[in-house]
Structures are given as C-alpha cells and as structure tokens.
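Since this is a predicted model, take the numbers as computed values, not measurements. Throughout, protein chains are lettered first and strands after them, A, B, ... in sequence-line order, and every chain is numbered starting at 1.
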Amino acid sequence: MSTNASIASAFEHAAALMELLGEDKFRINAHARVARAVNDLTTDLASIAGDPKALTAIEGIGAKTAAKITELVRTGKVEEFDELAARVPAGLPALLNVPGLGPKTVRRAWQELGIEDVAALKAAMDDGSLAGLPRLGAKAVEKIRKGLDQLERSAGRLPLGIAMPMAEGIVAFLSTLDGVERAAFAGSLRRGKDTIGDLDILVVAMDAAAVHEAFCAHEDVASVIARGESKSSVLMKLSVSLGRWGRALGSDAEPAVQVDLRVVPAESWGAAMQYFTGSKEHNLKLRERAVKQGLTLNEYGLFKDDGENGPPQSRGIEPVASESEEDIYRALKVVFPEPELREDRGELSAKKLPELIQLGDLKAELHGHTTESDGKLSLDELVEGAIARGFHTIAVTDHSKSSAQAGGLDEKRLRAQAKQIDEAQERFGDRMRILKGSEVDILADGSLDFDDDTLASLDVVVASPHTALSQEPAAATKRLLRAIEHPMVHILGHPTGRLINARGGLEPAMDELFAAAKEHSVALEINAHWMRLDLRDTHVRAAVEAGCLLAIDCDVHSLGDFDNARYGVLTGRRGWLTAEQCVNCWPADRQSDWLKSKR
DNA sequence: GCCGTTTTCGGCCCGACTGTTTTCAGTCG
C-alpha cells in the first residue's frame, strides 16, 4: 500500500542518500522535487501508477522518476533506492538534520573517521578527532555541538496559530525601537502555511546595529546563533506552552524557535519582502524568469544584467525595481501573486489570478458549540460573539449523541434546544439569524448519528468524522462519500480529522469526495482552528478547481475561537478560494436558499 | 534527472554568514 505520503518520503530519503554519497546535485534536486510535487498532489498516485503519460504530466516528474513511482506502487520498493540505502549506514541520514551540519561535512566525517550515527559524532567531538578534519576547527565543532542542542530543544514546526501571535509580538517590539521605520514578518508565516519552521522578520531602521543589539538582548532570547551587520539569528523561547501541538522534547529542554532578523535599506524593502517571503521554489522560478529577460533578482532589487560579476548593488548599479513587491512583479511581467499563492503551483504562469477571499468577506459562522455539548459559551454568548463579528448568521451545531465524551445531544435534548433557539431568536430579532443545527457524527460505516426525520427538523447539518480516524483509505472514501451523498447534509466538517503535529487523520481519495460534493452541493469545511486547518491548502485548491462549495468555520467552542477565522481564510487563500465559492460569504438570502434546497 | 516563446543539449538563483582560510568552502534560507 503506497500512499502519496509514503512515495514522497521514499524520494526524499533517496535524495538524502544521494547527497551523502556525493552524487550529482541536479539529480539529487530532481528527486527532492518529485517528493515535493507528490506531497502537493490530491490525486491518489497509486491510481495512475503505470500510466507514464499521466505521471510525467506532473511538473517535476519525468520518464525515469515516473518509472520509479510505478515500481514503488507495484512492488513496494525501488531497487535503485535499496541499492543506495545499502551503501549508506542507517544512522547517517539523521545527521543531516543537525543545524550547521551539511552533506559535505557528514560525508567527510563518515568516510574519514567512520562516524555513522549521532553517538559516534558526539564521541568524535569529545575526543577531538572531529576537529582534526581539514577545514574543521574548535569553533566549527562548537557550532555543531550547539546545533545538536538546538535540534534537541527545537519545538518542531510551529502551528500557524502559535507562530502568528509570537511574530506579531516581535514585530510590535521592534516597532517601538528608536529609528525603526518599518517592521514586518515574511517567510512561510506571511504565506499562511499551516506550520512554520522559523520566523523571518524584516526591519528598516536608521541604525541597524542598534536594532540587532536590542533584538539579541530581547528577554525571550535563549541563545544567539549568528550576528552580522545585516542579519542576526537567535533561538527564542516560546511564550506559550505547546502541549500536544509541539514535538515531544527530550529531557528538560525548553522549547524554542529560530527567529531571523534582517535590517534592510528602505529602498529595497519590496525586494527584501519578496525575497524573504519565498517560497524557495517560487523565488527560484521567478529568478529564472528574470535571467531570461536579461535581469537579475536578489534581495536588494531587480537589476539589468551587465555581464559583470559580483552583486550589482555593490557596484553602484541602480535597480529597475526594488521599493515594492508590486514593482518587481510588474517589471518581470508577472501577474502580482498574493503571498499565499507563492508556492510554484502555477501562479507565475497564470494570465489572471483569482480575487482571493478576505477575512472581511465572512458573514456567517456555521459551526458553533454551546455548553449543551462541549462548548464554553451559553447560547446567548455564542450569538453575541457572532454579532460582535458583524455576521448575519450563527449556526448552533452541538455534538450528536455518539460523541458522549463531548456531551453530545440525543434527540430529546436536541428538541429542547430547538425551543431555546426559538426563544433566543425572539429576543435577538433581526440582529442575528440563529440556525438550528447539529454537528452530527459520521459513524465508521458512513451512517449518521441521527435518523432522517431528526435531521430534517434542523436548518443546517454539519456531518463530521470523530472516531475511527485511522481506517484504511478505501474505507474512509466509502464512509465520507456516504455522508456527502446523504440528502440532509449541508457541510462536511473537518473532512480528514487530522490534528496538526498530532494525528494524520483519514486519507480518502479526495478527488472522489470533491466530485460527489460538487454533485450534491455539499460544502467542504475548512475548519479554521489552527490545530486542524482541515481541509488543508492543497485540498482546498483541488476542491476549488473541481467547482465545490467551501465553508470556513471556526468550530467555535469559546469566544476566542472566532479569532481563528483568519487562519481559515489564509488556508482558503492558499487554495485560490474566492468569496463567491465560500458559503459563509454569501448574503443571508442566498445562504438560506442553499440550506433550504436540502429540505 | 528535468526541461524548453532562442534550446532535445546544456543549462539548472543568489547572497549572508562563519570558520578556516590568505581566496574559499560549507551551510542556510
């Protein structure tokens, strides 16, 4: 059984092995690229294995890697990859994860000192043999030691909802410093990725040195990794506890994340933001495009290529564009891509890009819990929360009876709640439309937790999987299809049930779900809670292309959960979602017509 | 190993920082 994830990891591992064996870097890169391309797919690769045409149609996959994918799906292995693995000690690839240790150094340590794993590396540092290698001295060894320590205390990739407030705090801090004109975060955080590896902060300031000094002296800084004239890197303690959402840390290591600060000249702000926002793949494509137009692009600007060596800005050459990102993309004759689109997923060759959904477009929350099940809010508090957001509609969707641990409602309690909602509607009048609903469990076989009559009595039905989240892909597909095809269901809630950094969730054939959802006019939820973000970005993109309806809902359990909407919107934007295709953005009448079409 | 609005062969981004160097290699993003 080869899932896309396992195929991607096989190619990734093969690329690492080739690096350690010192093979051709372009060949290595080609394999790493296949891994990325496969990770982005929503088609089940197993279903097109053996079809070279379909495989090579995927950018980054050529004739040879297509054959390897087919071999992997059919036999469970790739002979060539096994041969690579046989040539490299099993513990060696893990050394590549140590910050500061790269393939060249690991390879030399292995070939010249026989170091095959982390333990041997530590021993070689202690007995001084590592420092004996050419171009490796005491300081380099100390750096590797620090890298090992950093690896041990790294919190892993931070969930978006943890990284965003932290970055905003750092930006606010830097903005208060004397002489700081601008400050912003860039990187994968600005692109709204669901998890963040490190934080990138950009600043324009009169006195760069003073900013770096203040930054490195920040009370949350655990250690300074590097500090230069334009860039400093630190390890910063997390101001919040990660609990189950972080990597399990060894011993008493305090979780920390790397934060990079760059102070840039005001006139190259746009170039720097473009450069440090990435993604790496997007920038690579963009710079290739620049070269083809006789230009060269770096973090200082876009320059005419004069054929000379060395950075153009340091030779006094004036940039063609640099002050704003818009200027740069315009000069390169590329339609301006919002940061969330910059993943090299077709945004650079698009003649036109969609007008992406914005936070302010949301007009309804269609997934809210109260104290009747596992919510912290009373019915009135939930409604007030929606009013404070400027919404026209709030749906009360407490859990159904099978979710006993969440205090799920049975039919009798559901009827009682309906009465309370009628009374609340009287009280609130036209300040808010309150929908009677349920987040009904999709049981393991795809049947729903309430009978049709009960479901028909509700204004809105969100059907979600909560249990049996590790069932086989085929069973999961059948299960979710059955829920989508149910005539009373409006929204498929958190379709895969994944929890970021904690649970993989279901791996159904998403394309089949999208086709069915389109046919039955069922909206697929982007659950906006940062621990879920389910559907994820690549799923949203495929659902949008399939013509599906999407819902962005906060799955409100407490008042603060409404604030997670921005993460759902970021995820939607990464999937090229427009307000038009998102049911939460529709005017009350249109939304109502859609809901009633299922009654 | 992939790819093509000059190319089916010959390319494949660019700079900062660090350490070990005396001009550069390795790592990172």
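In the set B/dG29, B/dT20, B/dT18, B/dT18 carries the atom at the smallest distance from any side-chain atom of A/A226. For A/H31, whose side chain is taken as the heavy atoms from C-beta onward, the closest listed nucleotide among B/dG29, B/dG1, B/dC13 is B/dG1. Here the nucleotide nearest the side chain of A/K104, chosen from B/dT27, B/dC12, B/dC14, is B/dT27. Here B/dC3 is the nucleotide among B/dG26, B/dT20, B/dC3 with the atom lying nearest to any side-chain atom of A/E59. With distances taken from any side-chain atom of A/T296 to the nucleotides B/dG19, B/dC14, B/dG29, the minimum falls on B/dC14. Picking from B/dG1, B/dC17, B/dG15 the nucleotide with the shortest atom distance to the side chain of A/D24 gives B/dG1. Each of B/dT20, B/dT27, B/dG1 was ranked by its minimum atom distance to the side chain of A/K68; first place goes to B/dG1. Taking the side chain of A/Y275 as heavy atoms from C-beta on, and the options B/dG1, B/dC3, B/dG29, the nearest nucleotide is B/dG29.
Here B/dC28 presents its P atom at 12 Å from CG of A/D198, a figure rounded to the nearest Å. Spacing between atom CZ of A/R287 and atom C1' of B/dG15 amounts to 9 Å, rounded to whole angstrom units. A/R33 has its CZ atom 6 Å from the P atom of B/dC3, to the nearest Å. Between the P atom of B/dC28 and the CG atom of A/D260 lies a distance of 12 Å, rounded to the nearest Å. For the pair A/Q258 CD and B/dG29 C1', the interatomic distance rounds to 9 Å; values are reported in whole Å. Whole-Å rounding puts the A/N29 CG to B/dC3 P distance at 12 Å. At whole-Å resolution of the value, CD1 in A/I69 and C1' in B/dG1 are 13 Å apart. In this structure, the CG atom of A/L20 is 14 Å from the P atom of B/dG26, given to the nearest Å.
Rounded to the nearest 0.5 angstrom, A/L17 CG and A/I28 CD1 are separated by 10.0 Å. A distance of 8.5 Å separates CE of A/M125 from CD1 of A/I115, quoted to the nearest 0.5 Å. A/L284 CG to A/S279 OG: the interatomic distance, rounded to the nearest 0.5 Å, is 9.0 Å.
At the phosphate of B/dG15, OP1 or OP2 sits under 4.0 Å from a side-chain N or O atom of A/N298. Remark: A/S230 is in phosphate contact with B/dC17, judged by side-chain N or O atoms under 4.0 Å from OP1 or OP2.
Interface residues of residues 87-100 of chain A facing DNA chain B, ordered by number: A/V98, A/P99, A/G100; criterion, heavy-atom separation under 4.0 Å.
Nucleic acid contact class of A/I28 (heavy atoms, under 4.0 Å, all strands): none. Counting any heavy atom pair closer than 4.0 Å across all strands shown, A/G60 reaches sugar-phosphate atoms only and no base atom. Using a 4.0 Å heavy-atom cutoff across all strands shown, A/P103 reaches sugar-phosphate atoms only and no base atom. At the heavy-atom level, A/V291 lies under 4.0 Å from the strands shown only through sugar-phosphate atoms. Contact annotation for A/A66: no contact, since no heavy-atom pair falls under 4.0 Å across all strands. The residue A/L286 sits apart from the nucleic acid: no heavy atom pair falls under 4.0 Å. Note on A/S233: nothing from the nucleic acid sits closer than 4.0 angstrom, heavy atoms only. Across all strands, A/A63 comes closer than 4.0 Å only to sugar-phosphate atoms, never to a base (heavy-atom distances). Across all strands shown, A/K285 has no heavy atoms under 4.0 Å from either base or sugar-phosphate atoms. Across all strands shown, A/E281 has no heavy atoms under 4.0 Å from either base or sugar-phosphate atoms.
Along DNA chain B, the nucleotide closest to A/Y300 and the one closest to A/N283 are compared, and the more 5′ of them pairs with A/N283. Where A/V141 and A/E288 meet DNA chain B, the nucleotide closest to each residue was compared, and A/E288 sits on the side nearer the 5' end.
Taking the C1' atom of each, B/dG11 and B/dT6 are spaced 13 Å apart, rounded to whole Å. Nucleotides B/dT23 and B/dT5 place their C1' atoms 41 Å apart, quoted to the nearest Å. When the C1' atom is used for both B/dT7 and B/dC12, the distance is 13 Å, rounded to whole Å. Between B/dC13 and B/dC28, the distance separating the two C1' atoms is 14 Å to the nearest Å. Only the P atoms considered, B/dG4 is 13 Å distant from B/dT8, to the nearest whole Å. Going from the C1' atom of B/dG26 to that of B/dT20 covers 11 Å, rounded to whole Å. The P atoms of B/dA16 and B/dG10 are separated by 33 Å, rounded to the nearest whole Å.
With salt bridges taken as basic N to acidic carboxylate O contacts below 4.0 Å, one links A/E545 and A/R541. Salt-bridge formation is not detected for the pair A/E340/A/R566: no Lys NZ or Arg NE/NH1/NH2 atom is positioned less than 4.0 Å from an Asp or Glu carboxylate oxygen.
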Could you encode protein contacts along nucleotides 5-10 of chain B as a string, one character per nucleotide from 5' to 3', using B for base contact, S for sugar-phosphate-only contact and - for no contact, with a heavy-atom cut-off of under 4.0 Å? ------

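Residue pairs meeting the salt bridge (Lys or Arg N to Asp or Glu O under 4.0 Å) criterion with at least one member in residues 327-339 of chain A, sequence neighbours excluded, are A/D327-A/R330, A/E338-A/R573.
Annotation: A/F81 is in aromatic contact with A/F11 [ring centroid separation under 6.0 Å].
The aromatic ring of A/F26 does not sit over the base of B/dC2; the criterion of centres under 5.5 Å apart with planes under 30° is not met.
For A/D24, the CG atom is densely surrounded, since the number of other residues' heavy atoms within 6.0 Å is greater than 12.
A/T75 contributes a side-chain N or O that, together with a main-chain N or O of A/E71, makes up a donor-acceptor pair within less than 3.5 Å. A distance-only check finds no donor-acceptor pair linking the side chain of A/R191 to the backbone of A/E343 [under 3.5 Å]. Checking side-chain atoms of A/D200 against main-chain N and O of A/F185 turns up no donor-acceptor pair under 3.5 Å.
Put simply, the residue from A/T195, A/I162, A/L158 that forms a side-chain contact (heavy atoms from CB on, under 4.5 Å) with A/I500 is A/T195.
Judged by Watson-Crick or G-U wobble contacts below 3.5 Å, the nucleotide B/dT8 has no partner.
Using a 4.5 Å heavy-atom threshold, the side chains of A/L121 and A/E116 count as separate.
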